[in-house]
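Residue numbers begin at 1 in each chain, while the letters A, B, ... track the order of the sequences.
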Amino acid sequence: MKIATFNVNGITSRLQRLLEWLDESQPDIACLQELKTSDATFPLQAIEAAGYGAVWHGQKGFNGVAVLARGAQPVEIRRGLPGDPDDTHSRYLEAQVHGLTVASIYLPNGNPQPGPKFDYKLAWFERLIQHAAALCEAREPVVLVGDYNVVPSNEVGDIYSPKSWLDDALLQPESRDAWRRLLAQGWTDAIATLHPGVPMYTFWDYFRNRWSRNAGLRIDHLLLNAAAAKQLASAGIDREVRGRDKPSDHAPAWVVLK
DNA sequence: ATGCCTGTCTGGGACAGA
């Protein structure tokens with residue numbers, strides 16, 4: 001069972017990159033973020049033609065998350081996190097498919113900080129922590145994947161160099177503290193567990209030659225509860241996707257469960 | 001040192017992203 005996460009940065013302009021990656025990587029489940037399109041304009045036909053069923057939560061111009069499943073129709077469990085009825089952002093979609101529960105997460109970026117966007121990020125994180133507690137305790141496998149917009153540490157496995165990012169919302173102690181408290185519920189960070197100490201970046205800014213210099217950040221994560229972690233076989237990053245024509249600024253990350 | 005690129009909505013320039 002291969003589960004992947006991919007921030008596509010606009011599914012409309014990224015559709016060919018997405019389809020070729022699905023064909024190559026053959027994930028059983030693919031969670032997408034930053035669709036940047038409305039529910040009505042989600043390219044369902046092309047995704048079904050590629051052999052995938054889908055549920056999605058779109059938003060015109062911004063945000064947007066989806067869960068794709070190869071040869072299956074995901075069953076939607078929840079769209080949006082509980083705890084704030086005024087939150088209009090499409091950032092959380094939870095579904096059951098292929099015998100497990102999976103969530104596609106697009107955690108707020110939070111820049112600039114300090115400020116209201118950073119406050120929103122931290123508040124959203126607290127709502128995720130609240131909601132994730134019961135999922136972590138589930139006896140069935142649960143996988144929370146997506147763009148968490150947190151660089152977990154300043155180590156080279158997580159960032160090429162923290163120097164120019166020290167004031168960024170992705171590295172702030174508050175962001176990292178929330179990340180640590182989420183993991184402390186009992187989640188396994190699949191990439192960090194299987195590839196400690198080596199660069200496992202998932203994002204490279206479009207400018208400043210960040211891709212050609214491999215000046216990347218590890219911000220897309222795959223978290224497994226105990227039942228899922230028992231099945232953990234391998235994990236990786238499809239880096240080559242970032243080097244193609246008209247790429248997303250993120251590369252897909254994936255985990256295989258036995 | 002700096003959104004320096006890129007996508008979206010829109011129809012040129014603003015906003016958002018990380």
Side-chain angles (χ1 to χ4, degrees), chain A residues 5-19 21 32-43 46 56-66 87-92 104-122 124-125 128 145-155 157-176 178-179 191 199-221 237 239 241-253:
Chain A
T5 181
F6 185 16
N7 180 324
V8 295
N9 189 16
I11 196 170
T12 305
S13 60
R14 207 72 58 219
L15 189 56
Q16 290 314 308
R17 291 286 86 81
L18 171 63
L19 294 173
W21 168 72
L32 310 180
Q33 300 86 35
E34 276 208 90
L35 305 177
K36 292 187 171 181
T37 202
S38 64
D39 279 339
T41 49
F42 183 82
W56 63 95
H57 189 195
Q59 185 173 345
K60 189 176 182 180
F62 307 100
N63 308 318
V65 286
D87 186 359
T88 57
H89 293 203
S90 300
R91 296 182 176 275
Y92 185 90
S104 182
I105 290 171
Y106 179 42
L107 206 133
N109 169 291
N111 280 306
Q113 74 80 29
K117 292 191 174 183
F118 192 57
D119 295 341
Y120 174 66
K121 174 181 195 156
L122 297 180
W124 202 95
F125 222 142
L128 176 62
V145 307
D147 179 358
Y148 280 79
N149 272 316
V150 176
V151 177
S153 80
N154 288 344
E155 302 299 313
D158 292 340
I159 186 167
Y160 65 103
S161 164
K163 197 166 99 176
S164 61
W165 295 87
L166 290 174
D167 291 330
D168 194 280
L170 279 61
L171 276 69
Q172 291 315 297
E174 297 94 332
S175 306
R176 286 173 165 172
W179 169 254
I191 298 279
M200 294 299 287
Y201 309 142
T202 64
F203 165 85
W204 299 259
D205 242 325
Y206 285 122
F207 47 87
R208 299 171 187 159
N209 297 313
R210 289 250 164 92
W211 168 246
S212 60
R213 296 191 292 126
N214 194 26
L217 313 179
R218 190 172 78 92
I219 57 175
D220 299 270
H221 305 298
I237 315 292
R239 291 179 92 261
V241 172
R242 179 61 180 81
R244 291 178 179 163
D245 187 47
K246 291 280 182 185
S248 169
D249 41 7
H250 294 249

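- Contact annotation: A:Ser248 side-chain N/O to B:dT6 OP1/OP2 distance is not under 4.0 Å.
- Going from atom CG of A:Asp167 over to atom C1' of B:dG3 covers 15 Å, rounded to whole Å.
- Residue-level contact check: A:His89 touches neither bases nor backbone, having no heavy atom under 4.0 Å from any strand.
- With hydrogens and angles ignored, the 3.5 Å screen pairs no side-chain donor or acceptor of A:His250 with any backbone N or O of A:Thr5.
- In this structure, A:Tyr148 reaches neither bases nor backbone, as no heavy-atom distance under 4.0 Å exists between it and the strands shown.
- Base-pair partner of B:dG17: B:dC5 (Watson-Crick or G-U wobble, both distances under 3.5 Å).
- A distance of about 33 Å separates the C1' atoms of B:dG11 and B:dA1, rounded to the whole Å.
- The side chain of A:Lys246 approaches B:dG7 more closely than any other nucleotide in the set B:dC9, B:dG7, B:dG3.
- Between A:Ser104 and A:Val65, the closest heavy-atom pair is OG-CB, 3.8 Å.
- Without hydrogens or angle criteria, A:Asn7 side chain to A:Glu34 main chain gives no donor-acceptor distance under 3.5 Å.
- Atom P of nucleotide B:dA16 and atom NZ of A:Lys121 are separated by 16 Å, given to the nearest angstrom.
- Using a distance-only test at 3.5 Å, with no hydrogens or angles considered, no donor-acceptor pair links the side chain of A:Arg218 to the main chain of A:Pro199.
- When heavy atoms are screened at a 4.0 angstrom cut-off, A:Arg91 is found touching the sugar-phosphate backbone but no base atom.
- Of the candidate nucleotides B:dT6, B:dT8, B:dC5, B:dT6 has the atom lying nearest to any side-chain atom of A:Arg14.
- In this structure, A:Pro112 and A:Thr12 both approach DNA chain B, and ranking their closest nucleotides by distance from the 5' end singles out A:Thr12.
- A close approach under 4.0 Å does not occur between any side-chain nitrogen or oxygen of A:Lys36 and OP1 or OP2 of B:dC9.
- Nucleotide B:dT6 holds its P atom 14 Å from the CZ atom of A:Arg210, rounded to whole Å.
- In this structure, CG of A:Asn63 is placed 13 Å from C1' of B:dG7, rounded to the nearest angstrom.
- If you take CG of A:Leu107 and C1' of B:dG17, they are 14 Å apart, rounded to a whole angstrom.
- Looking at A:Trp211, its side chain never comes within 3.5 Å of a backbone N or O of A:Tyr206 through a donor-acceptor pair.
- Residue A:Lys117 is classed as a sugar-phosphate contact, given heavy-atom separations below 4.0 Å to backbone atoms only.
- Out of B:dG3, B:dA16, B:dT8, the shortest distance to the side chain of A:Phe62 is found at B:dA16.
- One atom, CZ of A:Phe118, and another, P of B:dA16, lie 18 Å apart when rounded to the nearest Å.
- For the pair A:Gln59 CD and B:dC9 P, the computed distance is 11 Å after rounding to whole Å.
- A donor-acceptor contact shorter than 3.5 Å links the side chain of A:Asn111 to the backbone of A:Ala169.
- For the pair A:Asn9 CG and B:dG17 P, the computed distance is 11 Å after rounding to whole Å.
- At a threshold of 4.0 angstrom between heavy atoms, the contacts of A:Asn149 are confined to the sugar-phosphate backbone, with no base atom among them.
- Note on A:Asp249: nothing from the nucleic acid sits closer than 4.0 angstrom, heavy atoms only.
- Separating the P atom of B:dG13 from that of B:dT2 is a span of 26 Å, rounded to the nearest Å.
- At a cut-off of 3.5 angstrom, counting only N and O atoms as typed in the model, there is no donor on one side facing an acceptor on the other between the side-chain of A:Asn111 and the base of B:dG17.
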